[in-house]
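Below: the structure, in structure tokens.
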Amino acid sequence: MKEVLLCKYGELILKGANKSVFEDALCKELRIRSKHFGHFTVDRAQSTIYVTPVGDDYDMDGMLEAAGRVFGISALCRAAACEKNMEAIRQTIRDYLPPFMKSRRTFKVEAKRSDKTFPLDSMEIAAQAGGMVLETCPWLTVDVHTPDVVVKIEIRENEAYVHAGQFPGAGGMPFGSAGTGLLLLSGGIDSPVAGYMMAKRGLRLEAVHFESFPYTSELALDKVMRLAGLMARYTGPINMHIVSLTQIQEKIQALCDEEYFTLLLRRYMMAIADRIAEQTGSGALITGESLGQVASQTLQAIGVTNPLATRPVFRPCIGMDKEEIIRIARKIDTFDTSIEPFEDCCTVFTPRHPKTKPELQKVLAQEQKLDFLNDVEKAVDTRKTKYILAHY
Ligand code: ATP
Ligand code: MG
């Protein structure tokens, strides 16, 4: 029996002329990700992408899970393909369906016929197939209103498909269809969620991580790399720029008033990120800031750091409570890694009494004591870059 994964897309169907560009992007993504799970062909027809294993050595569970993380796909069905006649469909129902029906009590059958030359109409196919399901799984009863499972029979161009229910896809827009964004990725909970959310809207991600070795450790950096690898299962590969803030932080500590340390540091981060964005063709910056979460995320503090960006700054967590952010972090499996206790450069030289309502003029007066633009250039020029692939 031939198994196939049907991937259906949602929102991008609306995109008229661009539709085929988006469809090609989706197929490409599925092709890349399928390589981890065996040899598969990826084709599209009638607003569905068919991921079909070649040979017997493949991992359909893994493929299903990976395809479930591809943005732009709204629903997935693991289906059996067969010839387009009711006898073949009967055989497939008998051979394929029982494992999916074990813990179910009620069902209904829905049929869809995109090949209008098929001799039975949808109602007739559903009625006959319903009888076949009852023959095969006699413990089931029909419930057309609230069935435990919907068995679908699809008569398409080349083949018929039998499946028992569809899984939700990752939703959103295909990889890179909205351009590129540069994520400021710390080792915390919020920034991986922010990156996930913007990648879901079609941004390809570059990321910048600021370290402060030896005040931050190799282990802290390793954690961020692992986080990026987990994110990449959704976002696709991430180009990670690692910037050292050690000298900048030491200078701030030596020359400036303590209550301004974090704000000054965050202005550097924004300026450096903006330069890297320029060099990498990133049209936006992305941060995990959430209004009022900490002293550096008050309206006034964001007002002081924001002007260093010369492109839009997307903050998808800005209106979310920590609990809401954590729910997403758990869903995308970054939470357990994020809470590993390693230091972040923001937690090095933390002021005892940070300014929560800073005034820009006073921050600028502090900044005068530093060599801001030169420091930014130097930090940008001495960055290291690593290409992070998904960790499966
Ligand atoms: P997170 O959970 O994302 O670390 P947070 O609540 O700890 O967020 P902050 O440390 O104030 O908040 O950081 C706010 C945002 O600034 C982060 O979401 C991230 O986008 C960026 N940021 C903070 N530290 C770093 C870092 N070391 N490297 C890159 N970006 C950072
Ligand atoms: Mg943080």
Side-chain angles (χ1 to χ4, degrees), residues 181-199 205-213 215-217 219-225 227-228 230-231 238-246 248-249 261-277 282 284-302 304-306 308-309 313-318 320-330 332 334-351 354-356 358 379-380 383-384 386:
L182 175 70
L183 171 68
L184 284 77
L185 181 62
S186 71
I189 297 166
D190 309 331
S191 44
V193 169
Y196 159 82
M197 289 176 77
M198 296 320 301
L205 294 188
E206 298 266 331
V208 55
H209 176 70
F210 298 100
E211 58 156 12
S212 197
F213 190 78
Y215 306 105
T216 61
S217 63
L219 288 174
L221 182 60
D222 174 69
K223 169 187 167 181
V224 176
M225 295 301 177
L227 273 177
L230 290 170
M231 291 173 64
I238 299 173
N239 229 1
M240 172 80 104
H241 306 269
I242 301 148
V243 174
S244 169
L245 292 181
T246 310
I248 288 174
Q249 283 193 278
F261 284 179
T262 309
L263 284 164
L264 293 165
L265 185 69
R266 297 196 62 80
R267 279 175 61 86
Y268 271 108
M269 284 186 178
M270 212 54 147
I272 292 166
D274 194 66
R275 282 288 290 141
I276 295 176
S282 305
L285 301 181
I286 303 163
T287 79
E289 288 163 306
S290 166
L291 191 63
Q293 195 189 75
V294 288
S296 60
Q297 294 174 36
T298 62
L299 181 57
Q300 293 84 351
I302 291 176
V304 160
T305 51
N306 193 67
L308 274 313
V313 182
F314 293 148
R315 299 177 175 90
C317 302
I318 196 74
M320 292 165 72
D321 294 344
K322 197 76 186 184
E323 277 311 309
E324 294 172 280
I325 300 172
I326 288 176
R327 213 175 303 139
I328 300 176
R330 286 190 194 281
I332 62 173
T334 52
F335 183 74
D336 290 341
T337 306
S338 287
I339 60 172
E340 287 175 15
F342 292 109
E343 60 295 323
D344 182 66
C345 66
C346 284
T347 55
V348 178
F349 308 132
T350 321
K355 281 269 177 217
T356 54
V380 169
R383 73 182 188 268
K384 297 190 186 95
K386 289 195 173 147

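Both ligands and their constituent atoms are indexed starting at 1 by order of listing. Because the structure is a prediction, the values reported are computed rather than measured.
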Subject >> contact_flag E211 ligand 1 heavy-atom lt 4.0 Å >> reply: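 No, E211 has no heavy atom closer than 4.0 Å to ligand 1.
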
Original post:
Got a second to check how far M269's CE is from T305's OG1, nearest 0.5 Å?
Top reply: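 Between atom CE of M269 and atom OG1 of T305 there are 10.5 Å.
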
**OP:** Could you tell me the separation between the NE2 atom of H209 and the CD1 atom of I238, rounded to the nearest 0.5 Å?
**Re:** 13.5 Å

Indicate yes or no: does an N/O atom of [X] lie under 3.5 Å from an N/O atom of ligand 1?
| X | result |
| --- | --- |
| L184 | yes |
| I189 | yes |
| C346 | no |

Contact atoms of ligand 1, heavy-atom distance to [X] under 4.0 Å:
| X | result |
| --- | --- |
| C345 | 27 (N) |
| L185 | 28 (N), 29 (C), 30 (N) |
| S296 | 11 (O) |
| G288 | 17 (C), 18 (O), 20 (O) |
| V208 | 29 (C) |
| Q293 | 5 (P), 6 (O) |
| T287 | 20 (O) |

Original post:
Any side-chain donor paired with an acceptor under 3.5 Å for S212 and Q249?
Top reply: yes

**OP:** Would you kindly say whether S290 and Q297 are connected by a side-chain donor-acceptor distance under 3.5 Å?
**Re:**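 Judged by distance alone, the side chains do not pair up.
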
What part of [X], side chain from CB on, backbone N/CA/C/O, both or neither, has a heavy atom under 4.0 Å from ligand 1?
| X | value |
| --- | --- |
| D344 | side chain |
| S191 | both |
| V294 | side chain |

Might you point out which heavy atoms bring [X] and [Y] nearest each other, and give the distance in Å?
| X | Y | value |
| --- | --- | --- |
| D190 | G288 | CB-O, 3.2 Å |
| P316 | I286 | CD-CG2, 4.2 Å |
| L183 | S191 | CD1-O, 3.5 Å |
| I272 | A379 | CD1-CB, 3.6 Å |

**OP:** Step through it carefully: locate the ring centre of Y215, locate the ring centre of F349, and say whether they are under 6.0 Å apart.
**Re:**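 Yes - the distance between ring centres of Y215 and F349 falls below the 6.0 Å cut-off.
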
Subject >> Minimum non-hydrogen distance to atom 13 (O) of ligand 1, winning option of R266, M270, E343 >> reply: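 Result: the heavy atom closest to atom 13 (O) of ligand 1 is in R266.
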
**OP:** Please step through salt bridge (charged side-chain N to carboxylate O under 4.0 Å, His left out) for the pair K384 and E211, ending with a clear verdict.
**Re:** CA-CA 11 Å; K384 297 190 186 95; E211 58 156 12; 5.0 Å; no

